[in-house]
Amino acid sequence: METIARGVHARVSGDRIVEAWFSGHREPFKTPPGRQAKGLEGRAILAVHRTGKHIVCELGRANGGLVDGSDKQPDAQWIVHLGMTGRLLVTTPEGPVVDHTHARLRLESGREIRFVDPRRFGRLELRELSSAAGFIGAGKEPLTIGAAEFAELFRGRKLAIKAALLNQTLLTGVGNIYADESLFHAGIRPRRRAGRLTRAELERLRLGLRTVLEHAIRLGGSSVSDYVDADGVKGFFQLEHCVYLRTGEPCRRCETPILRILVAGRGTHYCPKCQI
């Protein structure tokens, strides 16, 4: 999400939405498509950022001043959740419109923002800030949380640490891949009870999670399914996975075969020697 949000921001920040088109499918729309189209057209895109697992486009007033002039205060938000197979792309009008395209925002620059989602598990929402609060994630931000606050999140919790990492009310934006990889870097088995981890173990996990996420962002994310960045280019972090989807392959540290188990209903990968 961070890679996509940064890519979209770099390409469309300061642009203006001229026209919005939405498909006839009802599943992707948290806000009715007609209302979204009417509410989006004429708005300047002030910024694009990630909040948890959502991409948030901060929008100026409809037909307001220039972004570099009088219209820097957000008046609305376009909130995009990609679900399992969603993609948010920046392209030109001549670019082929692929199947399962559910949104096309034509911009003043001539570019288009497109939302593509084959399985339609993603969601699109327009939020008017004059009548609703801005979108915020439920959990803490893993890239900036401090040691004491991180440790407090897990104090007394009986659930497995892998399940705790995926709980978006605790930490926002941590997915299955990065939970597995951060636990490997911290040397912690995924089924261990979160509340029984020592302060030292939790600090290793906090730093490992930050390291994994920052490295993945630099490499453009992990393309193990439908993920691509804002230009439709696949990421490369999957080439450096230490455990995720490497069942039976030798550990990159000790050569012990990687094991796969289920934790909280999610496929979970770990090294039985390096993780204790």
Side-chain angles (χ1 to χ4, degrees), residues 1-64 74-93 95-109 111-138 168 172-173 175 221 225-232:
M1 292 302 123
E2 185 71 27
T3 301
I4 298 170
R6 291 184 185 190
V8 174
H9 174 82
R11 290 157 180 79
V12 306
S13 178
D15 217 328
R16 189 177 298 277
I17 301 166
V18 176
E19 183 179 12
W21 171 91
F22 296 98
S23 74
H25 294 282
R26 62 182 175 84
E27 291 90 347
F29 303 111
K30 194 169 181 179
T31 304
R35 185 174 143 209
Q36 285 198 56
K38 184 178 180 181
L40 286 169
E41 290 171 358
R43 291 188 183 273
I45 302 172
L46 306 181
V48 181
H49 60 89
R50 175 191 63 83
T51 298
K53 291 189 173 183
H54 294 74
I55 298 170
V56 180
C57 300
E58 303 286 355
L59 305 173
R61 297 187 306 275
N63 301 307
D75 184 67
Q77 293 176 327
W78 193 49
I79 304 163
V80 180
H81 188 277
L82 298 182
M84 296 177 65
T85 60
R87 292 179 284 163
L88 194 65
L89 307 173
V90 179
T91 184
T92 61
V97 180
V98 300
D99 292 341
H100 312 295
T101 296
H102 299 293
R104 297 175 66 182
L105 307 187
R106 184 167 63 87
L107 307 180
E108 204 168 52
S109 65
R111 290 176 168 174
E112 284 190 2
I113 299 174
R114 295 181 186 175
F115 174 72
V116 181
D117 187 7
R119 298 184 69 178
R120 302 201 295 273
F121 289 153
R123 291 294 180 266
L124 302 176
E125 176 188 356
L126 177 67
R127 187 172 295 195
E128 305 271 1
L129 299 183
S130 60
S131 57
F135 180 80
I136 58 174
Q168 298 298 300
T172 185
S225 180
D226 293 86
Y227 168 78
V228 293
D229 68 9
D231 286 326

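Note: hydrogens, waters and symmetry copies are ignored here, and every other heavy atom, side chains too, is used.
At least one side-chain heavy atom of L129 sits under 4.5 Å from a side-chain heavy atom of P74. Side-chain contact between M1 and L82 is present, with heavy atoms from C-beta onward closer than 4.5 Å. V56 has its side chain out of reach of V48: every pair of non-hydrogen atoms, C-beta onward, lies at least 4.5 Å apart.
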**OP:** Determine, step by step, whether E108 and D15 satisfy the side-chain contact (heavy atoms from CB on, under 4.5 Å) criterion, reporting the C-alpha distance in whole Å, the side-chain angles of both residues, the deciding distance to 0.1 Å, and the verdict.
**Re:** CA-CA 6 Å; E108 204 168 52; D15 217 328; 3.5 Å; yes

Original post:
When you look at I79 and L124, which way does the side-chain contact (heavy atoms from CB on, under 4.5 Å) test go after all the steps?
Top reply: CA-CA 6 Å; I79 304 163; L124 302 176; over 6 Å; no

**OP:** Apply side-chain contact (heavy atoms from CB on, under 4.5 Å) to the pair L59 and L46, showing each step before the final yes or no.
**Re:** CA-CA 5 Å; L59 305 173; L46 306 181; 5.9 Å; no

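Side chain of T51 to main chain of G137: no donor-acceptor pair is present (N/O by atom type, distance under 3.5 Å, no hydrogens or angles). In terms of modelled atom types and a separation under 3.5 Å, the side chain of D75 and the main chain of G60 share no donor-acceptor contact. Judged by distance alone, the side chain of R123 and the main-chain N or O of F29 form no donor-acceptor pair under 3.5 Å. Between the side chain of E2 and the backbone N or O of R50, no donor-acceptor pair lies under 3.5 Å.
By the 30° and 60° cut-offs, the orientation of the rings of H102 relative to H25 is perpendicular.
By the ring pair (Phe, Tyr, Trp, His ring centres under 6.0 Å) test, F121 is found to be paired with no residue, residues two or more places apart in sequence or in another chain being considered. Considering only residues two or more places apart in sequence or on other chains, K53 meets the side chain to side chain contact (heavy atoms under 4.5 Å, CB included) condition with H81, Q168. Legend: residues meeting salt bridge (Lys or Arg N to Asp or Glu O under 4.0 Å) with E19, ordered by chain and number and at least two apart, are R106. Taking R111 as the reference, nothing meets the side-chain hydrogen bond (donor to acceptor under 3.5 Å, both in side chains) condition, with sequence neighbours excluded.
When every heavy atom of L40 is checked against every heavy atom of I17, the shortest pair comes out as O-CB, 3.6 Å. Pairing each heavy atom of L126 with each of A76, the nearest pair is CD1-CB, 4.4 Å. When every heavy atom of S23 is checked against every heavy atom of T101, the shortest pair comes out as CB-O, 4.0 Å. Taking all atoms of both residues into account, the shortest heavy-atom contact from I45 to L107 is CD1-CD2, 4.0 Å. Of all non-hydrogen atoms in A37 and F22, the two that sit nearest each other are N-CE1, 3.5 Å.
Among pairs with a residue in residues 128-137, those fulfilling side-chain hydrogen bond (donor to acceptor under 3.5 Å, both in side chains) read R43-E128, at least two apart in sequence or across chains. Sequence neighbours left out, the pairs with a member in residues 112-121 that pass side-chain hydrogen bond (donor to acceptor under 3.5 Å, both in side chains) are E27-R120, T85-D117, R104-E112, E112-R114.
In this structure, CZ on F135 lies 11.5 Å from CD1 on I55, to the nearest 0.5 angstrom. For the atom pair CD1 (I113) and CZ (R11), the distance works out to 11.5 Å, reported to the nearest 0.5 Å. To the nearest 0.5 angstrom, F115 atom CZ is 10.0 Å from L89 atom CG. One finds the NE2 atom of H54 at 8.5 Å from the OG1 atom of T172 (value rounded to the nearest 0.5 Å).
Using modelled atom types and a 3.5 Å distance limit, the side chains of Q36 and W78 yield a donor-acceptor pair.
For H49 and H9, the ring centers are positioned 6.0 Å apart or more.
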